[in-house]
Amino acid sequence: MLSRRALLSVAAASAALPATAQARRIGRLVIIGGAEDRLHDKVILRRFLELSGGPSARIRLISAASGTPEWAWDTYGKAFGDLGVTDFAPIPIEDRDAANSVAVTDRILEADGLFISGGDQRRLMDLIWETEAFKALHIAFHLRGCCMGGTSAGAAVMSRHMLAQGEATKLPEKEAADLDLGLGFVARAIIDQHFSERGRLGRLLSAMAQWPSMLGVGIDENTALVIERGTAVEVVGQGAVTVVDGRAMRTNADLVDARGRLEMLGLRVHLLPAGQRYSANPLVQRAQGMPVELREAIDLLVAPGPIRG
């Protein structure tokens, strides 16, 4: 059986499994750059709850990325309780046996909103990769229309090509970022978080040099990129989302050694501030005068990844 990292060399289309049913609800993603407000206005958590169905929604928390999952249970339990949620429960995943258990899959499949907390994205994927929980997450999103939220590490795992680790280099360097496989709900982008606050542009560009066919998406703290599958993207919170498109770039990545400085020519950069919504409808895009380059980026972001498992 191939490892997650080995599978990065396989084209995404070859691993796709066709969806066999249509969801009544459209699956939505609330991808948060970390450090979201959980004490005051809770703008991002409110939006996640709204997309999940409101205070009566069944909200479930996956905190397996964290080394202290009980802290996440208490913190988010209180935050969602303050928002009026009455049906909130954590989904403990201590090991791979738990990830294959009926108790875990049942809780995933009953959820209207699933929230993945921060920590270490590699830890989470090591626990759930190719387990029944992994399959259940895809069924919940693709077939049941469950709203998926994730913050920090929980944001990084949303993409298929997951940024696993790497220092925040001032300038992009070859192989400065380590990629692995994530959940795959976002098929055509690499997601980084704590973006402006931790100066991670160089790290994201380093990752894009390895996979120039992917968009790079950097999300600031207390900021969320909301993706409505096939419909639109929205930015919620206080910061911005930086989208870098390197599909037409020219780079020297094949010519320099590991940790060598990268030349990256022809990059396109879009800065999407909080409070803005960007439709994927061509008629709306043209009416708003949306640049062609941004239209292409939005189309890639709202395109769902294949159902897997």
Side-chain angles (χ1 to χ4, degrees), residues 4 7-8 10-13 15-16 27-34 116 121 125 138 141-142 148-166 172 177-196 200-220 223-236 239-249 251 264 266-272 276-280 290 293-308:
R4 299 201 311 274
L7 276 171
L8 279 173
V10 181
R28 295 177 171 91
L29 302 171
V30 180
I31 310 173
I32 308 167
I116 304 174
Q121 52 265 41
M125 292 308 302
H138 274 261
F141 177 68
H142 288 284
M148 295 285 179
T151 184
S152 191
V157 298
M158 294 292 184
S159 56
R160 180 64 173 168
H161 293 70
M162 180 183 78
L163 212 166
Q165 64 179 347
D178 189 11
L179 295 177
D180 209 328
L181 283 176
L183 292 173
F185 296 137
V186 180
R188 297 295 304 276
I190 300 167
I191 296 170
D192 207 349
Q193 0 76 31
H194 304 282
F195 193 65
S196 295
R200 286 181 166 174
L201 177 59
R203 181 170 90 159
L204 183 60
L205 292 175
S206 301
M208 291 177 63
Q210 298 179 51
W211 284 92
S213 62
M214 299 288 117
L215 297 177
V217 176
I219 307 175
D220 293 346
T223 306
L225 175 65
V226 178
I227 299 179
E228 299 181 28
R229 188 169 57 178
T231 302
V233 303
E234 174 186 359
V235 183
V236 179
V241 173
T242 302
V243 178
V244 185
D245 187 347
R247 291 174 301 139
M249 75 174 170
T251 177
M264 304 177 77
L267 291 167
R268 298 167 177 166
V269 181
H270 310 286
L271 188 69
L272 314 182
Q276 297 298 315
R277 180 179 173 86
Y278 303 88
S279 175
M290 186 181 294
E293 296 81 4
L294 179 57
R295 291 187 208 172
E296 293 176 356
I298 298 301
D299 289 345
L300 290 174
L301 287 175
V302 301
I307 185 170
R308 299 180 184 275

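- Residues S206 and P172 share a closest heavy-atom pair of OG-CA, 3.3 Å.
- R28 contributes no side-chain N or O that, together with a main-chain N or O of M148, makes up a donor-acceptor pair within less than 3.5 Å.
- Atoms CD and OG, from Q121 and S159 in turn, are 9.0 Å apart once rounded to the nearest 0.5 Å.
- Of the possible donor and acceptor atoms, one in the side chain of D220 sits under 3.5 Å from a partner among the backbone N and O of S196.
- Ion pairing between E296 and R188 fails under the 4.0 Å rule for side-chain N and carboxylate O.
- Counting heavy atoms from C-beta outward, V226 and L29 have side chains that stay 4.5 Å or more apart.
- Here R268 contributes atom CZ and E293 contributes atom CD; the two are 4.5 Å apart, rounded to the nearest 0.5 Å.
- Under the ring-ring contact (aromatic ring centres under 6.0 Å, His included) criterion, F195 pairs with no residue, sequence neighbours left out.
- Looking at E234 and Y278, their side chains never come closer than 4.5 Å, going by heavy atoms from C-beta outward.
- With rounding to the nearest 0.5 Å, the separation of CG in D178 from CE in M162 is 8.5 Å.
- Counting only distance, with no hydrogens or angles, the side chain of Q165 and the backbone of A177 share no donor-acceptor pair below 3.5 Å.
- Nearest heavy atoms, G154 versus V157: O-CG2, 3.4 Å.
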* Which is it for L225 and V233 under the side chain to side chain contact (heavy atoms under 4.5 Å, CB included) test, yes or no, and what are the steps along the way? -> CA-CA 7 Å; L225 175 65; V233 303; 4.0 Å; yes

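- Taking CG of L300 as the reference point, atom CG of L215 lies at 5.0 Å (rounded to 0.5 Å).
- Scanning for side-chain contact (heavy atoms from CB on, under 4.5 Å) contacts around S152 gives Q193, H194, with sequence neighbours left out.
- A side-chain N or O of R229 and one of H142 form a donor-acceptor pair less than 3.5 Å apart.
- H138 contributes a side-chain N or O that, together with a main-chain N or O of R308, makes up a donor-acceptor pair within less than 3.5 Å.
- You'll find the side chain of V243 reaches within 4.5 Å of the side chain of V241, heavy atoms only.
- Atom CG of L204 is separated from atom OG1 of T242 by 8.5 Å, given to the nearest 0.5 angstrom.
- Rounding to the nearest 0.5 Å gives a distance of 11.5 Å between CE of M208 and CG of L179.
- Counting only heavy atoms from C-beta outward, the side chains of R160 and I190 never approach each other to under 4.5 Å.
- Annotation: side chain of I227 is not in contact with side chain of V30 (no heavy-atom distance under 4.5 Å).
- What you find for S279 and I298 is that their closest heavy atoms are O-CG2, 3.9 Å.
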* To do: Check the pair L183, M125 against side chain to side chain contact (heavy atoms under 4.5 Å, CB included), reporting the backbone distance first and the verdict last.
  => CA-CA 8 Å; L183 292 173; M125 292 308 302; 4.1 Å; yes

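- Minimum interatomic distance between A224 and I32 (heavy atoms only, all atoms of both residues): CB-CG1, 3.9 Å.
- Between R247 and P212, the closest side-chain pair of non-hydrogen atoms is not below 4.5 Å.
- With contacts defined as side-chain heavy-atom distances shorter than 4.5 Å, the pair L163/R203 qualifies.
- Looking at T223, its side chain never comes within 3.5 Å of a backbone N or O of I219 through a donor-acceptor pair.
- Closest approach of G230 to A280, counting heavy atoms only: O-CB, 4.1 Å.
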